[in-house]
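Reading through the structure tokens given below for one structure.
Reminder, nothing fancy here: chain letters follow the sequence lines and each chain counts from 1.
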There are 2 protein chains.
Amino acid sequence: MASIPPGVLGALDPTSDRAAFRQIADQLREAIDKGRFKEGAKLPSESELVEHYGKTRMTVRNALGILQGEGLTVHEHGRGVFVRPRPPVKRLASDRFARRHRDQGKAAFVVEAEAAGSRPEVDSLEVREERSTPDISARLGSARKVLARRRRYLLDGKPVETAVSYLPLDIARNTPIAEPNPGPGGIYARLEELGHELDHFEEEVRARMPAPDEVKTLRLASGVPVIHLVRTAYDTDGRAVEVCDTVMSADAYVLAYQLPAS
Amino acid sequence: MASIPPGVLGALDPTSDRAAFRQIADQLREAIDKGRFKEGAKLPSESELVEHYGKTRMTVRNALGILQGEGLTVHEHGRGVFVRPRPPVKRLASDRFARRHRDQGKAAFVVEAEAAGSRPEVDSLEVREERSTPDISARLGSARKVLARRRRYLLDGKPVETAVSYLPLDIARNTPIAEPNPGPGGIYARLEELGHELDHFEEEVRARMPAPDEVKTLRLASGVPVIHLVRTAYDTDGRAVEVCDTVMSADAYVLAYQLPAS
DNA sequence: TAGTGGTCTAGACCACACC
DNA sequence: GTGTGGTCTAGACCACTAT
């Protein structure tokens, strides 16, 4: 068993009211923040920490659990505990749905990702007709049945986002929108060809901890929240023609918006 | 010790590969999701769960720790574990900085909150000159020193947001902007009076788990992420005149934006 | 095979809330 | 005082990774 380099971690203060496992977590957190453990570096093993602090393994594990909950570390069974690397984030610009970005043969996600030097993938593509939920109905203005397009997006092999688009059946049924591949420019281009010229989009942004199925689908490290984004597309008649419900790994994205001052 | 109503929680599957504490967490999560425990309701105590499942207290506590990490429960020392109530969220509309909302005698936060039936407060107000960080300098276009305006917002006594505004000293020094109370319409109104007519704002939105000091300041329950929002205000000359760095309790807000289609 | 983290037992004492 | 959750001990066995 290797030992911990001197000066990296201090000693506990037995007179403190702060629980031992919190003090240990504080010291590890500080060491990470100050770069004494760099991104991707391995923290001391549990047995090293047990020896260093003179506490039992359970206490040390509680401390490590705090860091895990804060998203600072990833724990790999049989290997060790590592400082979680901060992956490069993808910036979603406020003009990402502008018509001028739509004249490509590829989907917007693919174009943007390749421009950023990443390897994009789309999988789990599923298109089917469904009964609408009350929330989707309210946003679409009372469609009982909808066309649902589900997919998952990956960057460099890592899942980053799931999305479900809901469209009223009277618009989408028996059109290219109901095909797995809707063609160049995506469903927004098809909607405009079908006479629904797009006017604007509304997006609602929330953040929360993921549900267990989201952890699985997005392969989320523990301590990583999700951004929940619901976008509604309106045509020039003021009709809601699509609702897109998106769940994104929060460590993969930064959203950018522009707001008018007037 | 009361006992658990029959049918609410099942039994463990000893043949399953899934760890006992995960199975217990699954059953409690399902019971919460299905409304068998309602918002604010008390879950069975640890000793009740120990008896029900025939596992030790440590195993039961691990299960409860999962739910806590998911933000599903709040744990109150000496009282019990409760289903976390979903507080009403405050909707931040995309036109919230429009000039027409600025002609009030009160701050925008106060006006909106009162309209929504909440009791708003602003505290921890602090205004001072500071050295700029590299990030703020880059956003403002190289101001070495800045005026920093720090404050914390509360709704009905609960802290929901901290914000720091940074303004270049050559704009803000010796103006009402440097006063604790900048007057009606806030600093944006003062900026326009000083000749910096506002053109637009840019916002960057991220989500992450809070740092320990943010947990304290915002009194965050465990399992609640924060929304980190950085807004830059530009005047009609294209100059960045303010950067506002905001950390919001993610369970208190939903952000709404409008995007153009053209 | 050795080292790592994951799960679990069976206790103990403490701090806090409520009656 | 009783019941609650918070902290901690001192073990045990297992599963996974690396060599």
Nucleotide dG5(D), atom P - distance to CZ of Phe21(A) in whole Å
16 Å

Centroid distance under 5.5 Å and plane angle under 30°, His77(A) vs dA15(D)
yes

Phosphate-side-chain proximity, Lys55(A) and dC8(D), N/O vs OP1/OP2 below 4.0 Å:
no

Arg79(B) side chain near dC18(C) phosphate (N/O to OP1/OP2, under 4.0 Å)
yes

Can you tell me how far P of dT7(D) sits from CG of Leu12(A), to the nearest Å?
14 Å

Indicate whether the side chain of Tyr253(B) and that of Glu161(B) have a donor and an acceptor atom separated by less than 3.5 Å.
yes

Any side-chain N or O of Ser47(A) less than 4.0 Å from the OP1 or OP2 oxygen of dT4(C)?
yes

Should Arg61(A) be listed as having a side-chain N or O under 4.0 Å from OP1 or OP2 of dG5(C)?
no

On DNA chain D, more 5' by nearest nucleotide between Glu46(B) and Asn62(A) is Glu46(B)

Test for a donor-acceptor pair under 3.5 Å between the base of dG6(C) and the side chain of Arg22(B), counting only N and O atoms.
no

Find the distance Glu76(B):CD to dC18(C):P and express it as a whole number of Å.
8 Å

Mind calculating the distance between CD1 (Ile24(A)) and C1' (dC8(D)) to the nearest angstrom?
11 Å

Counting N and O atoms only, with roles assigned by atom type, does the side chain of Ser118(B) sit under 3.5 Å from a partner on the main chain of Glu114(B), one being a donor and the other an acceptor?
no

Begin from the C-alpha positions of Glu204(A) and Tyr257(B) and carry the test side-chain hydrogen bond (donor to acceptor under 3.5 Å, both in side chains) through to its verdict.
CA-CA 7 Å; Glu204(A) 287 186 0; Tyr257(B) 294 98; over 6 Å; no

Whether Ser45(A) contacts dT4(C) is assessed here as follows: a side-chain N or O lying under 4.0 Å from the phosphate OP1 or OP2. Is that the case?
yes

Taking CD1 from Ile66(A) and C1' from dT7(D), how many angstroms apart are they, rounded to a whole number?
12 Å

Assess the residue pair Glu121(B) and Arg151(B) against the criterion (salt bridge (Lys or Arg N to Asp or Glu O under 4.0 Å)); give the C-alpha distance rounded to whole Å, side-chain angles, the decisive distance to 0.1 Å, and a yes or no.
CA-CA 10 Å; Glu121(B) 291 170 83; Arg151(B) 65 274 189 198; over 6 Å; no

Rounded to whole angstrom units, what separation is found between the CZ atom of Phe82(B) and the C1' atom of dG3(D)?
12 Å

Let me know the distance between CZ of Arg18(B) and P of dG6(C), rounded to the nearest Å.
15 Å

Just the rounded figure in Å: distance from C1' of dG3(C) to CG of Leu49(A).
14 Å

Taking only the side-chain nitrogens and oxygens of Thr56(A), find out if one of them lies under 4.0 Å from OP1 or OP2 of dG11(D).
no

Taking only the side-chain nitrogens and oxygens of Arg57(A), find out if one of them lies under 4.0 Å from OP1 or OP2 of dA10(D).
no

Does Met58(B) or Lys42(B) map to a spot on DNA chain D nearer the 5' end, using the closest nucleotide for each?
Lys42(B)

Taking atom types as modelled, find out whether Glu130(A) and Tyr166(A) have a side-chain donor-acceptor pair closer than 3.5 angstrom.
no

